[in-house]
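Data block below; observations after.
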Number of protein chains: 2
Amino acid sequence: MELKRTADGETGFEKVFAFLRERLLAGSLKPGDRLISERELATLLGVSRPIVREALRALTVLGIVEIRDRIGTVVTRPDVSVLNDFFTFALAQQADMLDDVMQARVAIECQAIRLACERANIADFERLQRALAKIGETIDEADAGGMADFEFHRAIVVASHSETLTVLHGSLAGLLTHSHRSRRKLVQAFPSMKTYLIDDHRRIFDAVIARDPERADATLRKHFAIGDEYRRRAIVGDIDRTIASG
Amino acid sequence: MELKRTADGETGFEKVFAFLRERLLAGSLKPGDRLISERELATLLGVSRPIVREALRALTVLGIVEIRDRIGTVVTRPDVSVLNDFFTFALAQQADMLDDVMQARVAIECQAIRLACERANIADFERLQRALAKIGETIDEADAGGMADFEFHRAIVVASHSETLTVLHGSLAGLLTHSHRSRRKLVQAFPSMKTYLIDDHRRIFDAVIARDPERADATLRKHFAIGDEYRRRAIVGDIDRTIASG
DNA sequence: GTTAGCATACTGGTCTGACCAAGATCAGAC
DNA sequence: GTCTGATCTTGGTCAGACCAGTATGCTAAC
């Protein structure tokens, strides 16, 4: 029987995790590859199968690997959806984190729109145009409107043709989805929101079409700033109503 | 003996995970709380202890929970740093992604420097100043120089006082460490690099001190662009040498 | 030669019961 | 009242077993 921990105080789980991490980072394990079976892995590393399963499960929730029942464990192309899990938990206990995440989203989008100005192709333009049209069509609808808004911003990031930015934006936007919901109240509370939403997105679209990175960045940044202002005023409004009803 | 899967085809792990997820999202399990022991959890949910451990391990890698050896499992305050694992894996699998990652780094830093202009305090300024001084001192050293460079940029992000940006930057920068190495060649190949490195960082520092977001952003962006240009020319030089020696 | 069919090895999913080491607790000694 | 040590509890781990499908290959039929 071996010791419970290796010389460096490494736990069995860490051993297996580190082993797999190494291969994954080095590239000897690529997406699509099938890992050796849990049993083989266990004997190979001198640990028991439950420990191996802990490590595999850990990689699963990280979206690095997929355990297929009775098939095997395969390396997957990292999927952003796992971050949703994390953010869901995080936000459940820490609402003040939203503003922080929003800053990161602004960062990603502003960089993305600069790249989009350089790299966007016809298909990207068309996607943007469709999203823009949809924003106008759904301006009075809550859910559909929020969706259209999201798709427009998404289209910008996609047009950057940067995988990294797209992935990051996806994970950040995912946890901000609930803010799309709050859009309904905003539109109802401020009729001026309608022209803001339509005209602002139109200006952003124009800047991308003109392939003017500076103008696109500035316009997008201003767009976010105005949105913040609306949200701020909505909060003040809530406070007013709270006081009035109290 | 019960069935391996519940009626809805739910796996044992999912059962435990869902159980804990529910309590965590509902708030009946708050940060600092200690979970019941693995054994109790196992009997409570009618599964075996290894399965419970899988679920706990999953929550651990998500940063929701911390398993303390011989103490118990406690709910932790969600920390964005767990994303580090994910991004490390996710971004490591595409080697050609480096340029892409760099774009994301630029995005994060340019947003961070804007926030830094608003939020930086004396301590942040001092940290920046120290980093700036170090860049000058280590201008002829390869490793130390790269380190000083990194620390300066890191100081900018820290000064943004945004945890999300800080973590994202940390993850991205980790993948770009090798580019610090290549800095050595660049400085050797282009003596003008020295003044570029020193003066550019100085200008960035000044803009933050002046609390001028626009200027800071623009200066930083230009700094990255020039760095790209140096790298581009270095590649061309390599090609020239390759041709000459061929 | 080709193909349909079936036995078998293999895979993940899970359970049971056990042992270890060390923190936590409390009774009993001083 | 304090200190000490036995005991309980906790996580960390292992070994071996069973189930239910998948994959594969081999055999037999065409």
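Model, not experiment: these values are computed from the prediction.
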All side-chain hydrogen bond (donor to acceptor under 3.5 Å, both in side chains) counterparts of B:T73, not counting sequence neighbours: none
Round to a whole Å and report the spacing from [atom1] of [X] to [atom2] of [N].
X     : N      : atom1 : atom2 : value
B:K15 : C:dT14 : NZ    : P     : 10 Å
B:E10 : C:dG13 : CD    : C1'   : 14 Å
B:E40 : D:dG11 : CD    : C1'   : 13 Å
A:L45 : D:dC14 : CG    : C1'   : 15 Å
A:R39 : D:dA17 : CZ    : P     : 12 Å

Partners passing salt bridge (Lys or Arg N to Asp or Glu O under 4.0 Å) against B:R130 (at least two apart in sequence or in another chain): none
Sub-4.5 Å side-chain heavy-atom contact between B:L59 and B:F17: yes
With no hydrogens and no angle check, do the side chains of A:T138 and A:E141 hold a donor and an acceptor under 3.5 Å apart? no
Any salt bridge between B:E10 and B:K15, counting N to O under 4.0 Å? no
Below 4.0 angstrom, which residues in residues 48-57 of chain B have at least one non-hydrogen atom near DNA chain D? B:R49, B:R53
Mind listing the residues from residues 61-68 of chain A sitting with a heavy atom below 4.0 Å of DNA chain D? Number order is fine. none
To the nearest 0.5 Å, tell me how far [X] [atom1] sits from [Y] [atom2].
X      : Y      : atom1 : atom2 : answer
A:E109 : A:I113 : CD    : CD1   : 8.0 Å
B:T43  : B:E38  : OG1   : CD    : 12.0 Å
B:L165 : B:I108 : CG    : CD1   : 5.0 Å
B:I36  : B:L41  : CD1   : CG    : 4.5 Å

For atom CZ of B:R119, decide whether the heavy atoms of other residues, nucleotides or ligands shown that lie under 6.0 angstrom number more than 12. yes
For the pair A:F150 and A:H169, name the ring-plane relationship: parallel under 30°, tilted 30 to 60°, perpendicular over 60°. parallel
Show me the protein contacts with nucleotides 22-24 of chain C, counting only N or O atoms at under 3.5 Å.
from   : atom 1 : to    : atom 2 : distance (Å)
C:dA22 : O4'    : B:R70 : NH1    : 2.5

Taking every non-hydrogen atom, the tightest pair across B:S28 and B:D33: O-OD2, 3.8 Å
Once you build an axis from the first five pairs and another from the last five of the helix from C:dG1-D:dC30 to C:dC30-D:dG1, how far apart in angle are they, to 10 degrees? 10°
Please determine, for the side chain of A:E38, which listed nucleotide (C:dT11, C:dG12, D:dT10) has the closest atom? C:dG12
Just to confirm, is there a sub-4.0 Å distance from OP1 or OP2 of C:dG12 to any side-chain nitrogen or oxygen of A:T73? yes
On the nucleotide C:dT14, are OP1 or OP2 found under 4.0 Å from the side-chain N or O atoms that B:T11 carries? yes
For B:E40 and B:S37: C-alpha separation, side-chain torsions, deciding distance, then whether side chain to side chain donor-acceptor pair (under 3.5 Å) applies. CA-CA 5 Å; B:E40 285 180 90; B:S37 73; 3.3 Å; yes
